[in-house]
Amino acid sequence: MMVPAALLLLGALTAFLAPRLLARAQWPEREPVVALWVWQCVVGATLLCLGLSMLLSAAAAWQEVRGRLFAAAPHGVVDAYGLGPEGGPWAAGTALVLACGGLWTAAMLTREVLRARARRRARGAELRLRAPLLPGEDPAAARLVVLEGPRPEAWWQPGPAPRLVVTTAALGRLKGSQLDAVLAHEQGHVAARHDWLLHCSRALSRGFPQVPVFAAFEAEMDRLVELAADDVASRRYGRLTIALALVGLNEDRGVFGPASAQAHVPERVRRLLSATPRLSAGRRLRLAALATLLPAVPLAVAFVPGLSALA
């Protein structure tokens, strides 16, 4: 039972230390894409620790699971893990708790995806009602839909023919290439599949609200995906253009006040206007490589006893 316990300890340490280290770092704001990858690796390593611990705990508790898990392994490999009957009650309890956590996570993710699809269908139906296609009009050719509306709003409507939807109030605010910059921002979200990152982070955070790493994961995903999409738009149209577009779309919502609940909007504008230089390519590569190694650590902990027995 030493290996499952070590994996649980490793998962707890990763979940406790990694968010605190990332919160103190200054580079994620400069490299949101790298930060997104680091966060995925941190959460992936934590979940991998729990999953491997569940498997080995189940193998220690039940002979049937042990036989299937180590079916192709020599006898000495099984002995190296110390999966004896002495850990039976604790192993069974640990495996059941972790299995329930895994099922709950899957249920929360399914609920989040279904809710997102329902919202998208409802918004699509409202869009078809407010802006119906004309006879003979090709829906795939209409990349931009303008709706009558008093509030400046712009959003990307996914589907078989994805389109950017803007209100007339937004058109009155967006000047020059600002509308193109908003389109590039939304297309950046779609190209990077940010919706799946948000689904996963929300499922974990809402399924386990008492776990700080999952709450931090959701908060950082909400922030970093916007920064990454801002960078996509700014590379094509300039930082000032997308910053002015953000101001134009949000200035009447009170987001620039001291008590705003959407503090990320002023942060995004400040970041775009400050034009902080990016990290060097070498440092970006090192950060990404180190993050990629995080999920390899629990795999090493899980496989080292067996490999040692074979050697």
Side-chain angles (χ1 to χ4, degrees), residues 22 25-41 43 112-113 116 119-120 123 143-145 151-159 161-167 170-171 173-202 205 216-251 253 255-256 260-279 284 287-288 291:
L22 286 170
Q26 301 297 320
W27 62 264
E29 186 176 291
R30 298 167 63 185
E31 294 295 341
V33 174
V34 178
L36 285 169
W37 175 245
V38 173
W39 268 104
Q40 290 175 74
C41 290
V43 174
E112 183 65 31
V113 171
R119 289 192 299 268
R120 187 165 63 240
R123 209 163 193 178
R143 295 178 60 203
L144 177 66
V145 177
R151 296 186 61 183
E153 294 181 306
W155 69 89
W156 183 260
Q157 179 63 36
R163 291 172 288 179
L164 177 68
V165 183
V166 297
T167 61
L171 284 181
R173 296 284 182 85
L174 300 175
K175 309 298 182 183
S177 58
Q178 292 174 18
L179 181 60
D180 293 325
V182 172
L183 175 60
H185 173 98
E186 297 298 334
Q187 288 176 330
H189 284 310
V190 175
R193 301 307 303 268
H194 287 161
D195 55 336
W196 278 104
L197 280 177
L198 296 175
H199 291 334
C200 293
S201 64
R202 287 168 186 164
S205 176
F217 182 45
E218 181 188 16
E220 285 300 289
M221 290 303 99
D222 287 340
R223 183 177 75 98
L224 291 172
V225 296
E226 296 299 335
L227 299 185
D230 285 345
D231 287 347
V232 171
S234 66
R235 281 195 288 271
R236 294 182 60 184
Y237 298 100
R239 289 176 173 266
L240 181 60
T241 301
I242 188 64
L244 291 174
L246 279 173
V247 172
L249 291 174
N250 292 281
E251 62 180 342
R253 302 183 184 185
V255 300
F256 296 100
S260 171
Q262 300 184 44
H264 66 279
V265 176
E267 175 193 343
R268 289 164 59 193
V269 174
R270 176 193 55 77
R271 173 180 176 268
L272 289 165
L273 295 178
S274 64
T276 306
R278 299 184 63 187
L279 301 179
R284 294 199 302 270
L287 286 169

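Across all their heavy atoms, A233 and A181 have their closest contact at CB-O, 3.4 Å. Among all heavy-atom pairs drawn from P28 and L22, the shortest one is CG-O, 4.2 Å. In this structure, V33 and A228 approach most closely via the heavy-atom pair CG2-CB, 4.0 Å. When all heavy atoms of R271 and R239 are compared, the pair lying nearest together is O-NH1, 3.4 Å. Between A154 and E186 the shortest heavy-atom distance is O-OE2, 4.4 Å. Taking all atoms of both residues into account, the shortest heavy-atom contact from A288 to W37 is O-NE1, 3.4 Å.
Considering only heavy atoms from C-beta on, D180 stays 4.5 Å or farther from T241 through its side chain. Here the side chains of S274 and E29 are not in contact, with every heavy-atom distance at 4.5 Å or above. Contact of the H185 side chain with the V232 side chain is not registered, since no non-hydrogen atoms from C-beta on lie closer than 4.5 Å. Using a 4.5 Å heavy-atom cutoff, the side chains of R30 and R278 are not in contact. Proximity of R120 to Q157: side-chain heavy atoms (C-beta onward) are separated by under 4.5 Å at one or more points. D231 places a side-chain heavy atom less than 4.5 Å from the side chain of S234. The side-chain heavy atoms of R268 and R223, taken from C-beta on, include no pair separated by under 4.5 Å. Counting heavy atoms from C-beta on, the side chains of E267 and E226 never come closer than 4.5 Å.
Between atom NE2 of residue H194 and atom CG of residue D222 there is a gap of 11.5 Å, rounded to the nearest 0.5 Å. Atom CG of L227 sits about 9.0 Å away from atom CD of E220, to the nearest 0.5 Å. The CG atom of L246 lies 5.5 Å from the CG atom of D230; values are rounded to the nearest 0.5 Å. Atom CG of residue L249 and atom CG of residue L244 lie 11.0 Å apart, to the nearest 0.5 angstrom. Between the CG atom in L224 and the CH2 atom in W39 there is a gap of 9.0 Å [rounded to 0.5 Å]. With rounding to the nearest 0.5 angstrom, the CE atom of M221 is 14.5 Å from the NE2 atom of H199.
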Report task. Determine, step by step, whether D195 and W156 satisfy the side chain to side chain contact (heavy atoms under 4.5 Å, CB included) criterion, reporting the C-alpha distance in whole Å, the side-chain angles of both residues, the deciding distance to 0.1 Å, and the verdict. Result -> CA-CA 12 Å; D195 55 336; W156 183 260; over 6 Å; no
Report task. Go through the steps to decide whether L164 and V145 satisfy the test side chain to side chain contact (heavy atoms under 4.5 Å, CB included), and finish with yes or no. Result -> CA-CA 6 Å; L164 177 68; V145 177; over 6 Å; no
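Atom CH2 of W27 has more than 12 heavy atoms from other residues, nucleotides or ligands within 6.0 Å. Remark: R284 CZ is packed, more than 12 non-hydrogen atoms of other residues, nucleotides or ligands lying under 6.0 Å away.
Under the 3.5 Å distance criterion, the side-chain polar atoms of S201 are left unmatched by any main-chain donor or acceptor of F217.
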